[in-house]
4 protein chains.
Amino acid sequence: FLHITPEMVMEAIPERPVDSHKGTFGKLLNISSSLGMTGAAKLSVLGAQRVGTGLVTLAAPRSLISLHAASLTEAVFLPLIENEAGTVARTAAVQLGPKLEQSSACLIGCGLSNNDDTAAVVEFVVKNAKCPLLIDADGINALGRNIDILSEAAGPVVLTPHPAELARLLNVETEDLLAHRVKYGRAFAQKYNLTLVFKGAHTLVFAPDERVFINTTGNNGLAKGGSGDLLAGMIAGLMAQGIPPLQSAMCGVWLHGAAADRCADRLSKTAMLPSDILTDLCGLFREYNR
Amino acid sequence: FLHITPEMVMEAIPERPVDSHKGTFGKLLNISSSLGMTGAAKLSVLGAQRVGTGLVTLAAPRSLISLHAASLTEAVFLPLIENEAGTVARTAAVQLGPKLEQSSACLIGCGLSNNDDTAAVVEFVVKNAKCPLLIDADGINALGRNIDILSEAAGPVVLTPHPAELARLLNVETEDLLAHRVKYGRAFAQKYNLTLVFKGAHTLVFAPDERVFINTTGNNGLAKGGSGDLLAGMIAGLMAQGIPPLQSAMCGVWLHGAAADRCADRLSKTAMLPSDILTDLCGLFREYNR
Amino acid sequence: FLHITPEMVMEAIPERPVDSHKGTFGKLLNISSSLGMTGAAKLSVLGAQRVGTGLVTLAAPRSLISLHAASLTEAVFLPLIENEAGTVARTAAVQLGPKLEQSSACLIGCGLSNNDDTAAVVEFVVKNAKCPLLIDADGINALGRNIDILSEAAGPVVLTPHPAELARLLNVETEDLLAHRVKYGRAFAQKYNLTLVFKGAHTLVFAPDERVFINTTGNNGLAKGGSGDLLAGMIAGLMAQGIPPLQSAMCGVWLHGAAADRCADRLSKTAMLPSDILTDLCGLFREYNR
Amino acid sequence: FLHITPEMVMEAIPERPVDSHKGTFGKLLNISSSLGMTGAAKLSVLGAQRVGTGLVTLAAPRSLISLHAASLTEAVFLPLIENEAGTVARTAAVQLGPKLEQSSACLIGCGLSNNDDTAAVVEFVVKNAKCPLLIDADGINALGRNIDILSEAAGPVVLTPHPAELARLLNVETEDLLAHRVKYGRAFAQKYNLTLVFKGAHTLVFAPDERVFINTTGNNGLAKGGSGDLLAGMIAGLMAQGIPPLQSAMCGVWLHGAAADRCADRLSKTAMLPSDILTDLCGLFREYNR
C-alpha cells in the first residue's frame, strides 16, 4: 500500500494561474437527481464547486430544476426529459450528447434512481463521454445489469462504490469482498482499466495499473447519508480542472477526509452533517495556499 | 423521582465505533407533515440528523416533497399518496409497510394533521411497526379516537405529549392532569407498557415499569412552536441508532434542554428559535467527545 | 415629546415566566403576502418570532404557502382562498373569522396588495378583530378607500404608515404632512382612538390620548425595502404576548432601531439588509436579560 | 491608463444622508433570469442590494418568481409574460414600459437567454430606458444581432462583457481582441458613447470620452460562474443611487475585486464562491464608514 499524503495531494493540485477565467477551471456535467433523492445531487454539485470548478451544470429531471435552482446559486441547469417516476428518461440521451462534447468532465449517478430508463442513460454516457467520467451510486447500480459496458467506455472512468455497491456489481458476498479487498479491487481496476475508489473506514484507491493507495483521513462522522455524494462531486470537480483521474481520486478522498476531521473538531462526529464539511474545505485550501 | 444526569446520558450514548458506515447508525422512518404544518416535519428531521442518525427518510404527502427537499439536504423522501386536504391518505399504508421493515425506528405525527385518513395511518403504523415507534403531536391526537390501539402495538412505543394532548388522550381536564402528573403518567405508562415523555417546564419521563425520571435542563425560550417537533426527532433518532426507548427518551429530553440552555446564553430566551438549538447540539456533543 | 428610553422598553417587556409554554407567549395571526411581494410577509413573520411570540400563523394566498413554508420553519400556515391576481380573495373572510377568535393579536397588510378583494378583507378584519390589530402598508392603503372603517374597529388598533402612506390616507400633501407631523398625527390618533406609528428618520408614536413619543434609535441603513415589514412584525409580536398596543409600538420602534444600530456597526449602513437585523435582536435581548 | 484607487471610489460614493428613506437610495429594475439560469439573476439582485440600493425589483419569467422569491427576501418581483422555453416573451415589453418610468436605473441580461423574444425585449429596453442602463451577458449577446441599436439608446449605457462576449459583439477573433484591448475598447466606447467594462484578470473601464481606467483588485478565485452577474448587480445598484454610470462602473469593479480579495483570504481562492463575496462587501463598506 502507498499512503496518500498531503504532499501528494498538493503537488497534484497546482496553484491557480493568475491570468485565468472560469473556462480555465473546467466545465463539469453532473447527471444526477430523482424525485425523493435530490439532496444527493445537491451535495455533489456543492462538492465540485468547493474544489474550484469553473462551472457546474446539473442535468436533472425537468420537474426538479426549480427545487435545485432555489439553493444552488452558482450552478446552471439542463432540464432533462423525465419519465413518470420522476427520473431521467432514456430519451434524455439526445440532450446529453452535445453537452458532453462541451464538458471537461462528467459525473453520473448521485440520487439518479435505478430503473430501465436510468440504466439506458448510464450506458449512453459510458459509451459517449470522451472526457473523464465518474460513476457513483445509482450509476454503479445500473452497471450491475451489464458490467461489460465498462469495456466500451469512450474515455477514462472512475468508480466510487461503497462495499455493498461493489459486491452487487461483482456479484459476490459483501463479507467475501471485505475479507479480500485488495484482491478484488486490483483485479477489477485492471480488468476494466479504470480507477476504483473503494470506500470504507480506510478508503482504498486502485489505479488501472497494479498500484493501490490507502487514505487515512476521515472519521465516523462521515457515516451518514450524503457523504458519498459530496466525495463524488469533489473528485469529479478536480477532474474537470484537468487533474488526471487517478490523482483526482486520491486528492478527493484525502481532502474529503481531512475536511471531515476538521468538521468533527468543530461540530462533533455525532452532530456533523455532510453539508457542514463544505465549510471546512475552505479552511483546508486556505491552509495550503490554494 | 430520579434526576436525569449528564452521566446517565453519556453512558447511554456510546462512542461511535471506528469501523462504521451509515448503516451502523440506523435508519429512521419519519411519517410527518401536511399542508400548512411542514415546519414541524422539518424540525423533526433535523433533530434526528443532529443526534447522529445514519439516514432519515421523510415520508410525507407527495405534493410537499419539493418543499421539504429544498432545505433538507441530507434526507431522502418517500412521497406518500395524499388526500384532497393535502394530508397523508389512508391508502399510503401500502407504501409504508415495506419501508417499516427496513427501518430501525419510526416517528409519526409531527404536523401530520388529524382526520380520518391520518388516524387510519397512525393505527396501521402502531399495529405494524416492529421497530421502536415514537408517536408525537397529531399522532397522539389520532390515538384519542381509540386509545386501546396502543394495546396492539407491534413493538415498543414512546409517547411525547404536552399537557393538553395528554389530557385529551386520557379524557381528563388539563388542570386535573397537571395537579396529579405522576399518578396519571405512571398509570398510563404501565397500563399500555410504553415510555411516556410528559412535557412541561420540568419534563417527566415515565418508564413502562414504575420508574419516573425528571429533567431539569431547558428554559422558557423553548416555549415556542416547533420545540416539541425538534425533541421528537431527537428521541427517534437516538432510538434508530439502537439506544433503548427509555434511554433514548431520557437522553433526548436532557440534550434538548441542555442545548436550549446554551442557545439562550447565545441568543437570549426571547429571540431564540427551535431551529437555532441545532447549532448548540453540536457544541454539546463536542464537549462530551461524541 | 417624550423620548423612548431603554428603561421604558425593558419595563414594558417583562421577564419571561419560568413555568410557561408556547400558549403563554401568544398567538399572532398575520394576514399578509401576495404574488411578487412575499418577502414583506416573510420579514414580518420573522420579526414577530424574534421578539418571542409563542406561535405565528401566516394566512396567505394558497398558491404562496409552499414558497413561504420553505423558509419559515417555525411558523404555521393558513392557506387562503385567492383571486386571479394571486392576492387574498374577499371570500377568505370566512376562513379568517374563526382564526381571529383564537388569536391574541392580528397583523394585516405586509405585501398584501391593494385591490377590491384585499380592501374587503381589511374591512372585515378591522370590524371583527377583538384582539389588538396592527395595520401596515397595503392594509393602510386599503383604509384610504374609506377611512371611517376605523371608527368601527372591534378592538384596539395600531397603524404604522410611512409619510407617503399617511399622506394618502389623510388626503393631504406629503410636504404639508411632514411640515406638521405632530399636529396631523395627534389629531388622527385621537379622532380614531388608535396608536399611530409615524415612521421616519425619527419615528413618532402617537397615543390615543395626547401623548407623543419620539424614538432616537435607528440609522439610514434602514432606508431599504423590507425594514417596515420587519417593524410591523415586531410590534404585532409584542402585542400577541399581551403587551398593550401603545407599549408594544414604543418597544417595537426602539428595538428595531437599536438592533439596526448594532447591525450597522457589524455590517455597515450601506450593505446591511433588514433580514440581517434579526441577528442583532438576539444580542439586544441577551444584553437586557430577556 | 489611470488606476482606480480606493480614494476615487470612496469619493464617488457619498456618505448616506441622515434624513433618508428607501426612495433616497433609488429603485433598480433588474430584467433577468430564465429556466436553468436563475442563479445569475439571484446574484445580480444580491449584488445591487449589498451596495445599498433602496429597492430592487426583479422582472423575470412568471414561472420563476416563486423560485426567486423563496430566497430573495428584500426584493419585489414583476412576473413577466414568458414563452414556451421559459424565457421572457416579447410581449412583456408592455409590462416593462411603465416600470422603467418609475426606476432610477435598469439592468438587463443576467441569465436572460438569447432568442428572438429576449432580443426584442433587449431592443425595447435600450430604446425606452431613459434612466442609466446596464447591459450584461445575454443582453450583450442579443445586441450581437444588431449592434446599432446602441445608437438609439434613450439614456446612458454601460456594457460589461467578458472577452468572448465582446469578440462576438464586435465580430472579431478573441485573440485579436485580447491583443488590442485598448484600441478596440476605446473605439467602441467612443463610437456608441457608452461606458465599457471590459472584464479580465485586470478589468479595464472605458469612458465614452478617451479615458481608460484599470482595476487592480481581484484574484483568480473570481474565475467561476456567477462572478460577472454579481458585478453587474453591483454597478447597476450604484447607478440606481444616482452615482454617474462611469463612476458606478469604476466603483463596482474596484469593490467587487477588493471584496473578492478579502474573500480569498477568508475562504481560499479555490473554495470561494461568488455568493460568499457578499459577506466581504459588508466588511469593506464598514472599513470605509459607508
Side-chain angles (χ1 to χ4, degrees), chain A residues 10 13-28 45-60 62 65-80 234 237-238 241 255 259 277-290, chain D residues 33-47 61 63-72 85-86 111 113 162-165 174 178 199-203 218-230 263-278:
Chain A
M10 290 304 154
I13 302 179
E15 284 197 52
R16 293 168 73 90
V18 171
D19 194 359
S20 55
H21 54 89
K22 66 185 167 192
T24 311
F25 300 103
K27 294 185 179 180
L28 175 65
V45 169
L46 291 170
Q49 290 178 328
R50 287 288 181 201
V51 297
T53 309
L55 188 66
V56 181
T57 299
L58 177 59
R62 186 183 176 97
I65 296 300
S66 285
L67 184 166
H68 283 300
S71 65
L72 292 168
T73 306
E74 282 88 358
V76 294
F77 300 91
L78 178 60
L80 296 179
M234 290 172 62
L238 293 167
Q241 295 175 65
L255 289 166
I277 298 172
L278 294 159
T279 298
D280 300 286
L281 272 175
C282 298
L284 207 52
F285 281 113
R286 192 181 48 180
E287 183 178 317
Y288 286 99
N289 288 310
R290 290 298 186 281
Chain D
S33 200
S34 62
L35 180 65
M37 293 193 292
T38 46
K42 177 177 175 179
L43 284 164
S44 64
V45 169
L46 291 169
S63 66
L64 302 176
I65 296 299
S66 284
L67 185 165
H68 283 300
S71 66
L72 292 168
S113 289
H162 57 59
E165 287 166 347
T174 305
L178 287 173
K199 296 186 288 194
H202 291 295
T203 291
N219 62 77
N220 60 28
L222 285 167
K224 282 159 195 153
S227 292
D229 307 299
L230 180 66
C263 195
D265 286 344
R266 192 167 58 88
L267 301 178
S268 83
K269 290 173 189 165
T270 295
M272 66 185 269
L273 292 176
S275 55
D276 297 319
I277 297 171
L278 294 158

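The chains referred to below are lettered A, B, ... by the order of the sequence lines, with proteins before strands, and numbering in each begins at 1.
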Quiz item: Which answer fits D:Leu35, side chain, backbone, both or neither, if we ask what part of it has an atom under 4.5 Å from a heavy atom of chain A?
Solution: side chain
Quiz prompt | Residue part contacting chain D, namely of A:Val76, when any heavy atom lies under 4.5 Å | solution = both
Practice problem: Could you tell me whether A:Arg62 atom CZ has more than 12 heavy atoms of other residues or ligands within 6.0 Å of it? | Solution: no
Quiz item: Looking at D:Gly36, D:Ser71, D:Gly39, which has the largest count of heavy-atom pairs under 4.5 Å with chain A?
Solution: D:Gly36
Quiz prompt | Which atoms of A:Phe25 approach chain D - backbone, side chain, both or neither, heavy atom under 4.5 Å | solution = side chain
Quiz item: Roughly how far apart are D:Asn220 CG and A:Thr24 OG1, rounded to 0.5 Å?
Solution: 8.5 Å
Quiz item: Which residue out of D:Gly221, D:Ala40, D:Gly225 racks up the most heavy-atom pairs below 4.5 Å with chain A?
Solution: D:Gly225
Quiz prompt | Leading residue by heavy atom contact count with chain A [cutoff under 4.5 Å; candidates D:Ala271, D:Ala264, D:Gly228] | solution = D:Ala271
Quiz prompt | chain D interface, residue from A:Gly23, A:Ala69, A:Ala75 that has the most non-hydrogen pairs under 4.5 Å | solution = A:Ala69
Exercise. Counting only heavy atoms closer than 4.5 Å, note whether D:Asp265 contacts chain A via side chain, backbone, both or neither.
Key: backbone
Quiz item: At what distance, to the nearest 0.5 angstrom, does CD of A:Glu74 lie from CG of D:Leu273?
Solution: 4.5 Å
Self-check item: Top contributor to chain A interface from D:Ala70, D:Ser275, D:Gly226 [non-hydrogen pairs under 4.5 Å]
Solution: D:Ser275
Quiz item: Can you tell me how far OG1 of D:Thr270 sits from CD of A:Glu15, rounded to the nearest 0.5 angstrom?
Solution: 9.0 Å
Quiz item: Can you say whether A:Thr53 sits under 4.5 Å from chain D via the side chain, the backbone, both, or neither, judging by heavy atoms?
Solution: backbone
Quiz item: Checking D:Lys269 against chain A: side chain, backbone, both or neither under 4.5 Å from a heavy atom?
Solution: both
Exercise. Can you measure from NE2 (A:His21) to OG (D:Ser227) and round to the nearest 0.5 angstrom?
Key: 13.0 Å
Quiz item: Are the side chain of A:Arg286 and the backbone of D:Arg266 linked by a donor-acceptor contact shorter than 3.5 Å?
Solution: yes
Quiz item: Taking all non-hydrogen atoms of both residues, which atom of D:Ala201 and which atom of A:Asp19 are closest, and how far apart?
Solution: CB-OD1, 3.4 Å
Quiz item: Can you tell which of A:Cys282, A:Ser20, A:Gly54 has the highest number of heavy-atom pairs within less than 4.5 Å of chain D?
Solution: A:Cys282
Quiz prompt | Nearest-0.5 Å distance that lies between atom CG in A:Leu278 and atom CG in D:Leu267 | solution = 11.5 Å
